[in-house]
Each structure stands twice: as C-alpha cells, then as structure tokens.
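Numbering of ligands and ligand atoms starts at 1, following listing order. Since the structure is predicted, the reported quantities are computational estimates derived from the model, not experimental observations.
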Amino acid sequence: MRRPLRRRHLNAAVQSLAAAQALVRAVRGRPGGLCVLTGAGMSAESGIPTFRDALTGLWARFDPAELASEDGFRADPQRVWDWYAERREAARAAEPNAGHHALARFARRWPGTLALVTQNVDDLHQRAGNTDAVRLHGDLLADRWLQACPRRRDCSPDAAVPGRPPRCGECGNPLRPGVVWFGEELPPQALEAARQAAEACALMLVVGTSGAVWPAAGLVGLARRRGAQVLIVNPAASEIDDEAHLVLRGTAARMLPPLLLDDTVLGS
Ligand code: BV8
C-alpha cells in the first residue's frame, strides 16, 4: 500500500535536513568554513516584503530600475525619496526572526567559522548580532549626498535642510539613501571580502535569494568552482538552483535553527 503523500514528503524533508545538518557539522570550528549569502527572503518572516513577492512585493507595484537607480531619482526625487522612506519605516518596525538569531548564535558558538554576506539593506542581521556581516548593497538607513559638494565643502548629511529629499541649504545638493542602485558599482571592499569568503569556504549556504541580481549571484558559482558544497534554503525555485548540491524547500526562520544549531527537529 503506497504511503500517504504527506508522509513521503515529510520523510524526504527530514532526510534532506539531516543531510544538510551533516554538511554544517562538517565545517563547524573550521576558520571561514561556512559562507552564508542572504537575500530578501531572509527578512520576509520579519514582515519586510521581498522584491519578487507577487502580491506585496515592491517589483509588483514599481519598476525597481525606475526607483532604485540614479536616473529614477533624478527624474522624480520626491517619489524615490518617499519610496525609501516607506521602506525605512518598515525596516525600523521589523524585528530579526529566528533565522537571523540562529546565524548570530552560530557565530557566537563557533567563532571564525561563519562569513556572512548579505544583499539586504535592512539592519536585521546586525541587530541580531552579526555586526560583521558584509553588506554588498549598502545600508537603507544611511544617508549620503547625491554628488560631491560643488564647493568642495565636507558638509555633514545631518546639516541638510529637511525636505523630500532633504537638500544642502547652500548648493541644493540632495541627500540619497546609502544603498547601491542598479547600474552602480558595489563597494569594492565589500565585494572583495565577499569573493574571498566564497573562495575560502567549504560550504556555501544560500538563503532567501532569487539569484537574479549580479554580481552577488555569481558568488555561488565561484564557491562551487572552488570545491565548496552549495546548500540552498528557499521555499521556491531560484535562478541558481543548478549550482546546488542540496536544496531545502523551506523558510529561513523555520530551517536555519535546526540546520545551524541542531536544537529542534522538523515538524515539531
Ligand atoms: C552593476 C539596493 C556595474 C537598492 C539592490 C549580469 C547579468 C545580468 C545583469 C547584470 C549582470 N551584471 C550586472 C547586471 C545589472 C544589474 C542586475 O543584476 N540586474 C538584474 C535585475 C538582471 N546589476 C547591477 O546593476 C549591479 N551593479 O552591475 O554595476 C558597474 C560596475 C563597475 C562600475 C560601474 C557599474 C548593482 C546591483 C545591486 C542593486 N541594488 N539593492 C535597494 O534595495 O533599493 S539589489 C536588490 O534586489 C536587493 O538588494 C537584492 O539583491 C535584489 C533582490 O534579490 P533577492 O534579495 O534575491 O530578493 P527577491 O525578491 O528577488 O527574491 C526573494 C527570494 O526569497 C525568492 O527566491 C523567494 O522564493 C525567497 N523567499 C521568500 N520568502 C522566503 C524566502 N526564502 C526564505 N525564507 C522565506 N521566508
């Protein structure tokens, strides 16, 4: 008699979790043994919409190239500023979830093993305790001037005259969010640190990313080509699933605690 479908799925899930836990156990205590790359899915269970989430996702309502780009900002500074203001509010109101906390606990329990690289511009990894996370795409909560001061002054962003966006009272230079916009170079130091972590790790754990944005997505293939095992945690298919040795179809907050800390079992 064929076993009910659910039982078969659960057994498969338990087996792949056990296999994934073995991969993590194998790198504990190994300097730089584990590189973790996270995307918007990491913060979904904290209430921050992902870019691709069809119903509430930002992509569904706006064209990111229009908003998350210098051209988009110059075309309509107020609209872009308001969009970021809305996202800042959501990020400030959010709390790290069990997935963020599991990464922070892992880093405390096995110092030096984890290299955490994130595409996320919220500060949930840092608030959970991973203050050394490599931020590839900048910081949503930071401000900087759109361009260098035409008068070569080193004005502090705090001195900006309030507005949407705030501007320099003397030259009108607007503030912009401290994120990497499409078409802009990633911070060279962060990208180099991420590349070194991907090349040095024995296990690349990819959590909550569609793998659609480059050069971040390229870090996974780089790690694999250097001999690392690639493990993906994502409830849905992503553009980099082909790079994976093992895929766990689940969410960050539910899968990372058992995966990293072995302290709970699936389905309990
Ligand atoms: C550059 C900050 C050149 C801003 C962001 C090669 C091939 C093709 C295109 C390119 C290429 N190289 C460059 C490009 C162009 C472009 C690019 O990649 N375009 C894509 C869209 C095709 N890249 C760039 O423009 C980069 N810059 O190339 O500059 C250059 C070089 C030198 C000198 C000058 C210039 C800059 C890219 C960075 C852009 N900035 N963010 C802001 O946030 O406003 S990217 C932004 O979008 C995020 O940071 C993130 O990286 C990305 C969204 O991707 P994800 O995080 O993966 O999120 P997504 O919603 O897509 O998916 C969520 C996933 O989570 C899903 O898979 C879902 O199933 C899963 N999920 C859902 N819930 C959960 C879950 N998983 C786990 N648990 C859950 N609960």
Side-chain angles (χ1 to χ4, degrees), residues 36-73 79-88 90-91 94 96-100 102-103 117-125 133-144 176-188 190-192 194 205-222 231-241 243-244 247-259:
V36 176
L37 175 67
T38 65
M42 183 76 225
S43 298
E45 290 153 288
S46 296
I48 299 182
T50 69
F51 279 79
R52 281 173 200 274
D53 188 320
L55 298 173
T56 59
L58 299 158
W59 294 93
R61 286 192 285 144
F62 304 107
D63 171 358
E66 211 182 304
L67 290 154
S69 67
E70 183 164 341
D71 298 349
F73 183 73
R79 184 169 74 153
V80 172
W81 185 263
D82 290 352
W83 182 52
Y84 279 99
E86 182 189 312
R87 292 175 59 193
R88 286 175 167 184
N97 61 53
H100 295 106
L103 285 164
V117 177
T118 188
Q119 299 171 74
N120 297 344
V121 292
D122 62 53
D123 63 344
L124 297 183
H125 281 308
V134 174
R135 310 177 85 157
L136 288 176
H137 296 160
D139 177 357
L140 178 64
L141 303 177
D143 284 333
R144 69 168 190 257
R176 55 160 287 179
V179 297
V180 178
W181 277 335
F182 287 94
E184 287 186 335
E185 194 182 8
L186 274 58
L191 186 54
E192 184 48 30
L205 170 58
V206 184
V207 183
T209 184
S210 59
V213 172
W214 289 72
L219 294 167
V220 181
L222 174 61
L231 169 57
I232 288 181
V233 173
N234 195 318
S238 78
E239 297 183 17
I240 44 178
D241 280 7
E243 301 283 4
V247 175
L248 292 183
R249 286 273 169 257
T251 70
R254 281 182 55 76
M255 299 305 275
L256 293 188
L259 177 60

Asks: When you measure from atom 44 (O) of ligand 1 to each heavy atom in Phe182, Trp181, Tyr84, which option holds the nearest one?
Replies: Tyr84
Asks: Determine, considering heavy atoms only, which of Gly39, Ser210, Gly183 sits nearest to atom 54 (O) of ligand 1.
Replies: Ser210
Asks: Find all atoms of ligand 1 within a distance of less than 4.0 Å from any non-hydrogen atom belonging to Ala40, and give their numbers and elements.
Replies: 55 (P), 56 (O), 58 (O)
Asks: Sequence neighbours excluded, which residues qualify as side chain to side chain contact (heavy atoms under 4.5 Å, CB included) partners of Ala44?
Replies: Thr50
Asks: Would you say Ala252 and ligand 1 have an N/O pair spaced under 3.5 Å apart?
Replies: yes
Asks: Polar-atom distance check: Glu45 versus ligand 1, any N or O pair below 3.5 Å?
Replies: yes
Asks: Quick check: do Asn97 and Thr251 have side-chain heavy atoms less than 4.5 Å from each other?
Replies: no
Asks: Please confirm whether Val207 comes within less than 3.5 Å of ligand 1 when only nitrogen or oxygen atoms on both sides are compared.
Replies: no
Asks: So which of Leu136, Asn234, Leu191 gets nearest to atom 68 (C) of ligand 1, if we judge by its closest heavy atom?
Replies: Asn234
Asks: Applying the side chain to side chain contact (heavy atoms under 4.5 Å, CB included) test to Leu219, which of Leu37, Val206, Ile240 qualifies?
Replies: Leu37
Asks: Name all residues meeting the salt bridge (Lys or Arg N to Asp or Glu O under 4.0 Å) criterion together with Arg144; count only those two or more places apart in sequence or in a different chain, and write none if there are none.
Replies: none
Asks: Using a strict cut-off of 4.0 Å, indicate which atoms of ligand 1 neighbour a heavy atom of Gly208.
Replies: 63 (C), 64 (C), 65 (O), 76 (N), 77 (C)
Asks: Hey, which atoms in ligand 1 end up nearer than 4.0 Å to a heavy atom of Ala212?
Replies: 18 (O), 20 (C), 22 (C)
Asks: Quick check: Gly250 and ligand 1, any N/O pair under 3.5 Å apart?
Replies: no
Asks: Using atom types as modelled and distance alone, determine if a side-chain donor or acceptor of Ser46 lies under 3.5 Å from a backbone N or O of Ile48.
Replies: no
Asks: Quick test of your reading of the structure: of His137, Glu185, Arg254, Glu184, whose heavy atom lies closest to atom 45 (S) of ligand 1?
Replies: His137
Asks: Establish, for the pair Arg79 and Trp83, whether the NZ or CZ atom is under 6.0 angstrom from the six-membered ring centre and no further than 45 degrees off its axis.
Replies: no
Asks: What atoms of ligand 1 come closer than 4.0 angstrom to any heavy atom of Ala236?
Replies: 69 (O)
Asks: Under 4.0 Å from a heavy atom of Ala44: give me the atoms of ligand 1 that qualify, with their elements.
Replies: 73 (N), 80 (N)
